[in-house]
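Read the structure below first, then the notes.
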Amino acid sequence: MDTDSAMEVDLTGGSASAEPSLPENNSPDLMREGFKYFKRRKPPPDLSNVIDFDQCEAGGLHGNVKPYQVLIPDDRTAFQELGLVHPQEWKAFSLESHPGMILLRNPFTAAGQRHWAGRCVRDLPGHPNKTNLDAQGLLPPGGNWWKHCLDGVDWERLKKLRWVTLGFHHDWETKLYNLCDRSPFPSDLARLASLLAGCVGWPSYSPEAAIVNFYHSDSTLAPHTDHSEWDMTAPLLSLSFGQSAVFLLGGRDRSQAPVALYLRSGDVLVMTGPSRLSYHAVPRLMPATDARWHDGKRKLSADCCGQPKLARVAAAANGDVTHHRDVIRCECESGGRGGGGGTDPVIEYLSRSRINVNVRQVFPRGLMLRPEDP
Ligand code: OGA
Ligand code: MN
């Protein structure tokens, strides 16, 4: 993310904050106005024109919304392994007003959502990845934030985690990628991102950097464009888990009035083509209307794993889980990450907060200057 504007509630954990620049020719900053409108508490904004892709599914296609046909790659087993339902079942949409914006409406299974959310909150915030906690000295070197907080079940402390960067680390000060500051991009997330990119017509996608954002009830993300990548043709993939959000998508400058849409758990927003460099923002979190991370069919009781609640919480906090494909199919059998009892701390996290995984390709494919893999 490249914030060239004020962070209302600063997701960067306190680093980037500057006054928004006015659009050229002194034309009105409609992006900023839209942001302020949807962020407003009193009186609350009118949400009736927020595009709801759930309603589109029910047959009421909004004037601006078109169905989008995903491409189905050959490797059919990969979907299951990555916690996705088969693409034949996916609902995908594009917008007449914003060519290049594609919305894959929750292609994940419930277990898949829990798995990826778990990766984000439990496994990724720590060395060698970077977090906003590093500068604050909140986490002892080599420590695991999840374990650190859940040992005492401290949700308030857990909320201090605002972002994690993966792969080429985005430098929040210079707003650039530092070629010398790179850690391995998690291979499972790379596989997921590549597969998703293939489904939207980008078969040779190379996920090289990601920002994982953690939003709590009042968090917002101010209008910005993501233009720090050397390759700005490759799609930007944005995965959402947990609570819902109002997302604003504008144009190449701030004078274009944005459209507002709901992003819900499991949704994948793709910004490519003419929309790759569009302004966007998250002015508001919304309570999830359905807990898509729960298995409807698989009603798991609080004692589904035969362990008392606190023992399971501790087991999960200790990283006492495996991340192989079976986990994605049925976490409960692996002993520690139940699917429906509401006692699993990952599920608890999803019912309180929002996770956004923002994946980018940094370099053009085949660029010889590409630094060696770490
Ligand atoms: C970003 C971003 C959007 C979201 O991280 O650059 O735009 O939906 N995130 O959280
Ligand atoms: Mn962004």
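Both ligands and their constituent atoms are indexed starting at 1 by order of listing. Heavy atoms only: backbone and side chains are in, while hydrogens, waters and symmetry mates are out.
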Quick one: does I211 get a heavy atom under 4.0 Å from ligand 1? no

Counting from 1 in the order shown, the ligand 1 atoms closer than 4.0 Å to a non-hydrogen atom of N213 are 1 (C), 5 (O), 9 (N)

What I want to find out is whether R105 reaches E89 closely enough, with some N-O distance under 4.0 Å, to be called a salt bridge. no

Going from CZ on R32 to CG on L248, what distance comes out if it is rounded to the nearest 0.5 angstrom? 11.5 Å

How long is the span from the CZ atom in F168 to the CG atom in D181, to the nearest 0.5 Å? 10.0 Å

Check L269 against ligand 1 and report side chain, backbone, both or neither, counting heavy atoms closer than 4.0 Å. neither

Using a 4.0 Å cut-off to any heavy atom of Y215, which atoms of ligand 1 qualify? 3 (C), 4 (C), 9 (N), 10 (O)

Centroid separation F93 to F53 less than 6.0 Å: yes

Could you tell me, atom by atom, which parts of ligand 1 come under 4.0 Å of a heavy atom of R354? 4 (C), 8 (O), 10 (O)

Check: F247 ring centroid to H280 ring centroid under 6.0 Å: yes

For the rings on F241 and F108, is their centre-to-centre separation under 6.0 Å? yes

Need the ligand 1 atom indices (1-based, order shown) with element for anything under 4.0 Å from a heavy-atom of D226. 6 (O)

Specify which N/O/S atom of H280 comes nearest to the Mn ion (ligand 2), by atom name. NE2

In Å, rounded to the nearest 0.5 Å, how long is the span from CD1 of I51 to CG of N64? 5.0 Å

Under a 4.0 Å N-O cut-off, is there an ion pair linking R157 with D154? yes

Kindly confirm or rule out an N or O of N356 lying under 3.5 angstrom from an N or O of ligand 1. yes

Atoms in ligand 1 with a heavy atom of L221 nearer than 4.0 Å: 1 (C), 2 (C), 3 (C), 7 (O), 9 (N)

What do we get for M271 next to ligand 1 when only non-hydrogen atoms under 4.0 Å count, side chain, backbone, both or neither? neither

Around atom NE2 of H127, are there more than 12 heavy atoms of other residues, nucleotides or ligands at under 6.0 Å? no

What atoms of ligand 1 come within less than 4.0 Å of a heavy atom belonging to R360? 1 (C), 6 (O)

Y177 ring center near H170 ring center (under 6.0 Å): yes

Looking only at heavy atoms of H170, does any of them come nearer than 4.0 Å to an atom of ligand 1? no

How is the N/O/S atom of D226 that comes nearest to the Mn ion (ligand 2) named? OD2

Give the atom name of whichever N/O/S atom in H224 sits closest to the Mn ion (ligand 2). NE2

With heavy-atom distances below 4.0 Å as the criterion, list the atoms of ligand 1 near H280. 7 (O)

